[in-house]
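Notes follow once the structure below has been shown.
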Protein chains: 2
Amino acid sequence: MTNIHDVAKLAQVSSMTVSRVINGNGYVKEQTKKRVLQAMKELNYVPNSLARSLVRQKTQTLALIVPDIRNPFFTTIARGTEDMARKQNYRVILGNTDENVNKELEYIEMCLSIRVDGVIVVPAGNESKRNLKMLSEFKIPYVLVDREVAGIHSDVVRGDSVLGTKQLMDHLFNLGHQNIAIITGSLTTSTSRDRLLGYTQALKESGIEFRAEYVKEASYTKPLNNQVVHELVSCTPRPTAIFTANNFVAAQTVKLLRQQNFSVPEDVSIVSFDDFDQISLAEPFLTVATQPAYNFGSLATQMLFEVIDGIPISGPRKIIFQPEIIIRRSSGAARPISTP
Amino acid sequence: MTNIHDVAKLAQVSSMTVSRVINGNGYVKEQTKKRVLQAMKELNYVPNSLARSLVRQKTQTLALIVPDIRNPFFTTIARGTEDMARKQNYRVILGNTDENVNKELEYIEMCLSIRVDGVIVVPAGNESKRNLKMLSEFKIPYVLVDREVAGIHSDVVRGDSVLGTKQLMDHLFNLGHQNIAIITGSLTTSTSRDRLLGYTQALKESGIEFRAEYVKEASYTKPLNNQVVHELVSCTPRPTAIFTANNFVAAQTVKLLRQQNFSVPEDVSIVSFDDFDQISLAEPFLTVATQPAYNFGSLATQMLFEVIDGIPISGPRKIIFQPEIIIRRSSGAARPISTP
DNA sequence: GTGAAAGCGCTAACAG
DNA sequence: CTGTTAGCGCTTTCAC
């Protein structure tokens, strides 16, 4: 592949002059500029950004680390960051952690070694702290999205899980539900803890007793164990509604319930966080608290750029979006309990 | 950030020795190795892959270019490539083209400038030829996924759109449908042409007349124009079923039909390519031909690695997966036509 | 306006 | 087993 010297030789100038016309800085006589441009075209010259990055100490690259890109919530975040990155002529490298801190660590190490300019991360959980500290040590700026990490004070963009959960719970109360179970994601994530908090607060505010057997911890990304649903429906009294941690858990809960011959929403109502975007337009099913995922991504990226560009910022910024409740078929009026 | 020389100095060896222990090649005495490791840890040394890439002429980086990562079909492809890349210690850079050839071109140029080792691309359309030729000129290997491009003979992984469409059409015939419309994606894509071909062949084989007014060209990724659906339902006779190009078009078609007070499947049956993965488990709605998207991604990546590694290959390889038909609620028996 | 020199951080090739 | 030399392709700095 031709390099800057080849171009320089053909244009009969020094490589410095070529560099100047590439970057459009410094003075170059109009005529020599033309010669250089001509030579570049003739040789099909493409500047090598590796070399440039090496000397400039800047790679124009961001990393986006998410639990699993297949969840439409994270997909949409990805699209938001990619669009914003693109606008600023940045590239983005994608990593899936499956909420595994070690996988996350590998990606963080990769970030260090390829000298990314910044990282947008949906942290795997509270143990991500160590990984994030590493970024800090090496002065690589990052923005947390969707989740906070105990002991980490950085820029964050997320939704209000407590509020969203309470609104969802109120919706269920209004439908007459009293026996409401919850399946959370891993409680090492702040969203799971917040949603559990919203759940307990909502119960308390409505004067409904908290029952430990109604609470199950699962995972936002891993397949839901059949046992979890089985235990829930075996409780006495059987819950007439389940708050599920997110769209994935919701989908699997519904599937497992139906496999066990419970209908949704007739026997059990389901509500959850985060939507299945496209299909919900056509065939609305799940009652959800949605969050502006695209904005999570684009805003986080914008904030990251401000840090990268060294714009003075007074302390960590925390952007919290309010979720929006969308009521659909998966939640219905509470009925007297019958076992199928 | 500390570099290899700092480590060398502290360990009292040359930087070459440090390089050897980093890369685990060449002979290094156990004792000096230990000293070097110790120094690396002490200094928090992280090798700079930019510098390494520059001299090795290899970046350990792939690019994945798709129309829109938000479509679960492409998302799943992305996850497949990311997983496979990771296994080989490669990173992947993501680009969305929105099926715009110029956006695609920008990404291809980016690929050249950062010297990616290979590209996995779902081409925007037939005009992608120019872009792909560029990659070839610069000897950057690539694999086409999902779509072929006229005049390009490279490795391809895709599904059999003709077959899938015919099977979907047969399903509709079996339900008694005779008046079946089609909404394709852009006909610059091979999948759209194949699906249209499958449609016409299926009609012919069943001795059903082809009607030009039943054929509409739309887009796989852009919002569907209300007008398209309106024109279709205004035909005489009105179609009782619509084959839609993909999941996105299907979702929008259903939405627009319902807005115009047609019910699905009672008034109009809908079938399409590609699924909405998770939610379909819980609330099966769309009758679809699904394709193994994850394998598209992982297999294409594997093939790419074979080329990158210089494993001798006799000519371009073409992997064609058979789609699987999943029959669900969106398609039902044909009924006498009534206008709502 | 333009160029020469030095160096970003690393490794290939050879020498010992 | 270890080190020296040269250079990957670019930009920064300074000189003219």
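Just so it is clear, the values below take in all heavy atoms, side chains as well, and ignore hydrogens, waters and symmetry mates. Letters A, B, ... mirror the listed sequences (proteins, then strands); counts begin at 1.
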Less than 4.0 angstrom between a side-chain N/O of [X] and OP1 or OP2 of [N], yes or no?
X	N	value
B:T17	D:dG3	yes
B:N23	C:dT11	yes
B:N3	C:dG9	yes
B:Q57	D:dG9	yes
B:R56	C:dA12	yes

Check: B:R20 side chain, D:dG3 base, donor-acceptor under 3.5 Å: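 Result: at least one qualifying N/O pair found.
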Considering only [options], which nucleotide approaches the side chain of [X] most closely?
X	options	result
A:M16	C:dC10, C:dT2, C:dA4	C:dA4
B:A51	C:dT2, C:dT11, C:dC10	C:dC10
A:K29	D:dT11, D:dG7, C:dG1	C:dG1
A:S14	D:dG9, C:dA4, C:dC10	C:dA4
A:V13	D:dT11, D:dG3, C:dG3	C:dG3

Looking at side-chain heavy atoms only, is the closest gap between [X] and [Y] below 4.5 Å?
X	Y	result
B:L132	B:K129	no
A:Q60	A:Q88	no
B:L62	B:V119	no

Atom pair distance, as rounded to whole Å: NE2 in A:H5 and P in C:dA6: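 Rounding to the nearest Å, NE2 of A:H5 and P of C:dA6 are 15 Å apart.
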Integer-rounded Å distance: D:dG3 C1' and B:Y27 OH: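 Result: 18 Å.
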Closest non-hydrogen atom pair, B:A124 against B:T97: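 In terms of heavy atoms, the two residues are closest at CB-OG1, 4.5 Å.
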Sugar-phosphate, base or nothing in reach of B:T32, heavy atoms under 4.0 Å: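 Sugar-phosphate only.
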A:L54 vs B:S19, nearer the 5' end of DNA chain C by closest nucleotide: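 Mapping each residue to its closest nucleotide by heavy atoms, the 5'-most match is A:L54.
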